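As a basis for the values below, the full set of heavy atoms in this structure was taken, side chains included, without hydrogen atoms, waters or symmetry mates. Note that the structure is predicted; figures quoted are calculated from it, not measured.
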Amino acid sequence: MELQQMRYVLAVAESMSFTRAAERCHVVQSALSHQVARLEQELGARLFERTTRRVRLTPAGEAFLPAARQCLAAAERAADEVAAAVGEVRGQLRVGVISSVAAVDVPRALRDFRERYPKVRVSLRVSPSEELVERVKEGDVQVAFLGLPTTARPQGVEAHVVGRDRLVVVVSPDHPLAGGGPVDLRRLAEETFVDLPAKTAGRAQSDLAFSAAGLTRDVAFEVTNTHFLARLVGQGLGVAMLPSAYVPQLNGVTTIQVTDAPARVEYVAWPPGSRTPAATAFLRLLGVPETPETPETPEGAAT
C-alpha cells in the first residue's frame with residue numbers, strides 16, 4: 001500500500017469525483033483511477049461505488065478513511081520533524097477560527113508567521129467552536145481559536161486562554177434603543193433577535209444568560225456567520241449580542257452596553273500530546289507557553 005494511493009482515495013472521498021480528484025492531485029484521471037483500483041484489489045474490497053452520475057463511499061471506504069488520514073498525517077509529521085531537526089520549519093499548518101474571534105488578530109499573526117516561515121503552507125477553516133474542538137481532536141486542525149461561555153471549557157484538547165470579554169447588544173442605527181444608555185436583559189427580552197444556530201457555543205453564551213435570569217426571548221433569524229448576522233441587524237430585522245471586542249469590525253450597526261451582560265472566554269487549542277513543528281512555531285509566535293494551563297472546571301460545566 002503506497003502513500004500516494006491513499007492520497008488519491010482521500011481526494012476522491014473529499015470531492016466525490018474522480019475528475020476533480022485528479023485535477024486536485026495534478027494527475028490524469030486514468031492514472032488516478034488505476035491507482036485506486038490497485039489499492040482496492042490489494043485490500044480485497046471496493047472503496048467506492050461508481051456510476052455514471054455519482055461516486056459514493058462503500059462501508060469499506062468509510063472504514064478505510066480514518067486510518068488513511070492518520071497514516072498520511074504521520075508520514076507528513078515525520079518529514080516535518082526531520083526538517084525541524086536541521087532547523088527548517090515546513091509542512092502544513094491547519095488553523096481553525098470562529099467567525100467572531102477578537103482576542104487575537106489572526107490575519108496579522110498569520111502574516112508574521114508567513115514572513116518567518118515561508119515554507120509552511122497554511123489553510124484556514126471558519127467553523128463554530130464545538131466543530132473546531134472535534135477537528136482538533138481528530139488532528140484535522142492543528143490550532144483553533146474558540147469562544148466559549150464561562151461555564152464551559154474545551155474538552156479533550158490542550159488549551160490556553162487568550163482573552164475574556166463581555167457581550168454587548170448591536171442594533172440598527174434607527175432602532176429605538178440606539179443612542180440611549182445601557183440596557184438590561186429584561187429589556188432586551190422584549191426584542192426580536194438575530195443569533196447563531198441553536199446548540200452552538202456562540203449561541204449558548206446568550207441563551208444561558210437569559211435562562212439564568214428567568215427570561216425567554218424570540219430568536220427569529222439564525223445565521224452561521226457573524227458578519228451576515230450584522231447585516232440583518234443593520235436592516236432592522238432584529239438585535240444581536242456579540243463580544244464587545246469584536247463589534248468594532250462591523251459596519252452599519254450601533255453598540256449598546258448591557259448591564260448584566262454574559263461573558264465569554266476565548267481559547268487557543270491544539271491536539272493533546274506533542275505539537276507539530278509548524279504548530280509549535282505558530283503558538284510560540286502567539287506567546288503561548290509550552291505547557292498548557294489547566295483551568296479549574298467551571299461550576300456547572302461538563303467534565
Side-chain angles (χ1 to χ4, degrees), residues 95-103 106 124-136 140-141 144-155 163 165-178 183-258 260-267 269 300-302:
V95 180
V97 298
I98 53 173
S99 61
S100 62
V101 62
V106 176
L124 194 65
R125 173 185 294 275
V126 181
S127 298
S129 294
E130 59 281 355
E131 180 179 326
L132 290 177
V133 169
E134 292 306 311
R135 291 190 174 276
V136 169
D140 186 42
V141 168
F145 295 91
L146 317 170
L148 301 176
T150 56
T151 54
R153 73 178 190 192
Q155 298 295 313
D165 197 6
R166 287 196 170 273
L167 304 192
V168 294
V169 64
V170 292
V171 303
S172 63
D174 58 355
H175 191 280
L177 292 176
V183 296
D184 60 16
L185 294 177
R186 185 168 297 279
R187 170 63 184 85
L188 291 177
E190 302 172 11
E191 299 292 328
T192 299
F193 274 81
V194 182
D195 211 331
L196 298 170
K199 298 183 180 180
T200 61
R203 172 73 171 269
Q205 296 159 31
S206 297
D207 282 349
L208 291 171
F210 279 94
S211 177
L215 301 169
T216 59
R217 60 177 181 142
D218 175 24
V219 179
F221 297 90
E222 292 185 347
V223 296
T224 58
N225 180 282
T226 48
H227 272 83
F228 194 75
L229 178 152
R231 292 178 62 186
L232 297 184
V233 170
Q235 292 298 314
L237 293 173
V239 306
M241 296 186 71
L242 294 168
S244 66
Y246 171 73
V247 293
Q249 304 177 35
L250 304 175
N251 298 315
V253 296
T254 298
T255 302
I256 302 170
Q257 299 298 316
V258 181
D260 49 352
R264 82 161 181 175
V265 182
E266 286 192 42
Y267 294 88

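- At distances below 3.5 Å, not a single donor-acceptor pair connects side-chain atoms of Thr192 with backbone N or O atoms of Asp218.
- Side chain of Asp195 to main chain of Val219: no donor-acceptor pair is present (N/O by atom type, distance under 3.5 Å, no hydrogens or angles).
- Across all their heavy atoms, Ile98 and Leu132 have their closest contact at N-CD1, 3.9 Å.
- Side-chain N or O atoms of Glu266 include one that pairs as donor or acceptor with a backbone N or O of Ala102 at under 3.5 Å.
- Gln205 places none of its side-chain heavy atoms less than 4.5 Å from the side chain of Thr150.
- Contact record, Thr224 with Pro197: CG2-CG, 3.8 Å, taken as the closest heavy-atom pair.
- Rounded to the nearest 0.5 Å, atoms OG1 (Thr226) and CG (Leu250) are 6.5 Å apart.
- In this structure, Leu242 CG and Ser206 OG are separated by 8.0 Å, a value rounded to the nearest 0.5 Å.
- A donor-acceptor contact shorter than 3.5 Å is absent between the side chain of Arg125 and the backbone of Gly96.
- For the pair Met241/Leu188, a side-chain contact is recorded, criterion being any heavy-atom separation below 4.5 Å from C-beta on.
- Put simply, the side chain of Asp165 gets close to the backbone of Ser244: a donor and an acceptor are under 3.5 Å apart.
- Rounding to the nearest 0.5 Å gives a distance of 9.5 Å between CG of Asp174 and CD of Gln235.
- Remark: Glu130 CD to Leu148 CG distance equals 8.5 Å, nearest 0.5 Å.
- In this structure, a donor-acceptor pair under 3.5 Å is absent between the side chains of Ser129 and Arg264.
- Summarising the geometry of Pro149 relative to Ala204, their closest heavy-atom pair is CG-CB, 4.1 Å, with the distance given to 0.1 Å.
- Shortest non-hydrogen contact noted between Val233 and Val239 is CG2-C, 4.1 Å.
- Here the closest non-hydrogen pair linking Leu237 and Phe221 is O-CE1, 3.5 Å.
- Rounded to the nearest 0.5 angstrom, Leu196 CG and Ser99 OG are separated by 6.0 Å.
- Partners of Glu191 by salt bridge (Lys or Arg N to Asp or Glu O under 4.0 Å), not counting sequence neighbours, listed by chain and number: Arg187.
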